[in-house]
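Only a predicted model underlies this, so the values are computations on that prediction, with no experimental measurement involved. All chains are named by letter (A, B, ...) in the order of the sequence lines, taking the proteins before the strands, and each is independently numbered beginning at 1.
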Number of protein chains: 2
Amino acid sequence: MKKTIYDVAKAAGVSITTVSRVINNTGRISVKTRQKVMAVMKEMDYLPNVHASALTGKRSNIIGLLTPDISNPFFGELAKSIEDRADELGFNIIICSTDHDSKKESKYFSILKQKSVDGIIFATGIENHDSMSALEDIVNDDIPLAMISQDKPLVPMDIVIIDDFLGGYAATNHLLSLGHRKIACIMGDGSTTGEKDRMKGFRQAMQEADVPIDDSLFVPTVFSLKSGKEEAGKLFDRSMPTAIFAFNDVLACAAIQAARERGIKVPEDLSIIGFDNTVLAEMVDPPLTTMSQPIPEMGRRVVELLVDEMKGKKTAKQKIMLPPELVIRHSTARLKDIPPVRLS
Amino acid sequence: MKKTIYDVAKAAGVSITTVSRVINNTGRISVKTRQKVMAVMKEMDYLPNVHASALTGKRSNIIGLLTPDISNPFFGELAKSIEDRADELGFNIIICSTDHDSKKESKYFSILKQKSVDGIIFATGIENHDSMSALEDIVNDDIPLAMISQDKPLVPMDIVIIDDFLGGYAATNHLLSLGHRKIACIMGDGSTTGEKDRMKGFRQAMQEADVPIDDSLFVPTVFSLKSGKEEAGKLFDRSMPTAIFAFNDVLACAAIQAARERGIKVPEDLSIIGFDNTVLAEMVDPPLTTMSQPIPEMGRRVVELLVDEMKGKKTAKQKIMLPPELVIRHSTARLKDIPPVRLS
DNA sequence: CTGTTAGCGCTTTCAC
DNA sequence: GTGAAAGCGCTAACAG
């Protein structure tokens, strides 16, 4: 039932070589033959078998995407923009949810290799030893690679990131400019370069403003609503800040919820700034002031970087750094002056 | 640089057939040989080339997933649960965003066919002619198929859906039980069976409660925050209901925002119930009362259905209907009695 | 129990 | 310009 190149050749009255040539646009073929063959292919609804051509060294037109969790809106939106651009360029995406599990990471590495994908995009950290060595294998195997939203200073690689330092700096400055001094940071485990840079930006801004940094105001957690809420709650009970810099929108939402449960008003009593500017940011109440990442552009750019590399267009690895942007909504406000005396 | 079955055979001092046999666990092999070969494979870090085996009729272990939009939390969460279960069963997922575009749908059909995926999961409508005939092609080609969250009454197929009729009925009853009578429905274009059934459930509940149905309270829109907000706004300006049944959580959020912009309080002045119970539901303020879909289970079940079909385990097509569940949070409340006289 | 051999559908020399 | 034929890496009869 399946059409093969032989069927086409027979129907067109030529050899399979000729058909192959018109498919791949190689060699010299008379206009007549080419048209004839094209017509037949169209009519038969013929599509070359990918496995067969992949076997003979051609591309599979598949790109592997390693992401921690597509159900997280940030990665969902990123995946969508990647898929869109890949589709335009003729590639499909195999999606791999690593769940931050290093075993799954290295497992997916080998599966993708086995499926001989044309390239791999990383949207996930690769901090542990296992996946690091798997990564090296991939590099050694000359499988094109690109990272997004994750820096890897040691290895030369194609990378698309945002300027996290600037992001941390700008977010903090926004809070500072509203009069806040006691600012807490709610973040992940602090292991990724992105987090580290945001923290550096935070420190830099605080320092420039001559505000001493209280390390007990750094709240490490996991990037999930649940644990964010717990940790934020503990923080509030321990030492109430006037503002919070959350390292992503989910964590910012968590902080809002924790505050609400305690009757703390946002932004009147507590300003909160997020990071990412996912759909969540405009959904919550109050709408989130947040550092926006240009997700669609980031997705587009990694794909282009990767495809260029696959086609051998590029010589050197590139690092594309995009600027984040402050989006002011309603979760941050000027610090209230605490009246020295209550005039009841 | 790439290891082939020949390398393994040579290193193990056996023929490639033997190697193939231990890989696929077919035929009889002495324990010794098997162990020897296994050891060599492990040591060489050998993985069989998928394209080669796919070419000889074996599975590609790839499942295609057609979804309208993974950046929508519902489909994101669904995709995640599908990917998880597929991974457990040894399959990878190629994700295809159709954007509700029928051209993309049929285009993806043929790409997936060409990539000889082992099966296809539909999480998207196939209402138009083009994709309908493409679907038939797939059925004719004997490519296993399963639909999720979309019924297709005409064709026998493996399907996992929720009981949308019950969902519409229960949601409406909840509102009714709180004393509401003027209930508006904010929905998509009403074309899918899911929407139709929810509407039937709505009508049924209203009828049983002897509440006349006002057709001007059906608000068709697109499943997006923006247009949901616009349409809800128009509705409010036109004829203010006391409660809203939104056909998904995004639309419910949209209604909340439109209400807030007009100073209408939820749930005091307006009750809103959503559908899906995505992360959004717990993020918004007020947290959304909504009809919960068992997303993780739905994802798990489609994959299982599809894999069973691929393995030829099943005889007849199945339709699995899961019950939705009312999750009461804070966006719905008892209709306030309008005091006949204000005792200011 | 194990090896030989003929393809799977396609690309790519090498002849004509 | 076009075709014959040799693989790509693997599976599956078919023989021993």
Candidates C:dG3, D:dT2, C:dC10 - which lies nearest the side chain of B:Val14: C:dG3
Euclidean distance, atom CD1 of residue A:Ile16 to atom P of C:dG7 [Å, nearest integer]: 14 Å
Polar side chain donor-acceptor pair, B:Asn24 to B:Lys58, under 3.5 angstrom: yes
Phosphate contact (D:dT11 OP1 or OP2) by B:Thr56 side-chain N/O below 4.0 Å: no
Phosphate OP1/OP2 of C:dG3: any B:Thr18 side-chain N/O under 4.0 Å: yes
Sugar-phosphate only, base, or nothing, as touched by A:Val19 at under 4.0 Å among non-hydrogen atoms: nothing
Side-chain donor or acceptor of A:Ser60 paired with backbone N/O of A:Ser116 under 3.5 Å: yes
A:Asn49 side chain near C:dC8 phosphate (N/O to OP1/OP2, under 4.0 Å): no
Any A:Thr4 side-chain N or O less than 4.0 Å from OP1/OP2 of C:dG9: no
Protein-nucleotide distance (B:Arg21, atom CZ; D:dC10, atom C1'), rounded to Å: 13 Å
Student check: side-chain heavy atoms of B:Ile162 and B:Ser149 closer than 4.5 Å: no
N/O (side chain, B:Ser30) to phosphate O (OP1/OP2, C:dT2) under 4.0 Å: yes
side-chain N/O B:Ser20 vs D:dT11 OP1/OP2, d < 4.0 Å: yes
For atom CD1 of A:Ile23 and atom C1' of C:dT12, their distance in whole Å: 13 Å
Phosphate-side-chain proximity, A:Thr33 and D:dT2, N/O vs OP1/OP2 below 4.0 Å: yes
Quiz item: A:Arg34 side-chain donor-acceptor pair to D:dG1 base, under 3.5 Å: no
Between P of D:dG1 and CZ of A:Arg28, the distance in whole Å: 6 Å
B:Lys115 NZ to C:dC10 C1', straight-line distance once rounded to whole Å: 16 Å
A:Thr17 (side chain) and D:dA4 (base): donor-acceptor pair under 3.5 Å: yes
Whole-Å distance separating the CG atom of B:Asn25 from the P atom of D:dA12: 13 Å
B:Lys36 atom NZ, over 12 foreign heavy atoms within 6.0 Å: no
Near-ring test A:Phe122/A:Phe109, centroid separation under 6.0 angstrom: yes
Whole angstrom value for the distance that separates P of D:dA12 from CG of B:Leu55: 12 Å
Rounded distance (Å) that lies between atom P of C:dG3 and atom CD1 of B:Ile5: 12 Å
B:Tyr6 vs D:dT11: side-chain N/O to OP1/OP2 distance below 4.0 Å: no
Student check: side-chain heavy atoms of B:Leu322 and B:Met298 closer than 4.5 Å: yes
Residue whose nearest DNA chain D nucleotide is more 5′ - B:Leu47 or A:Ile29: A:Ile29
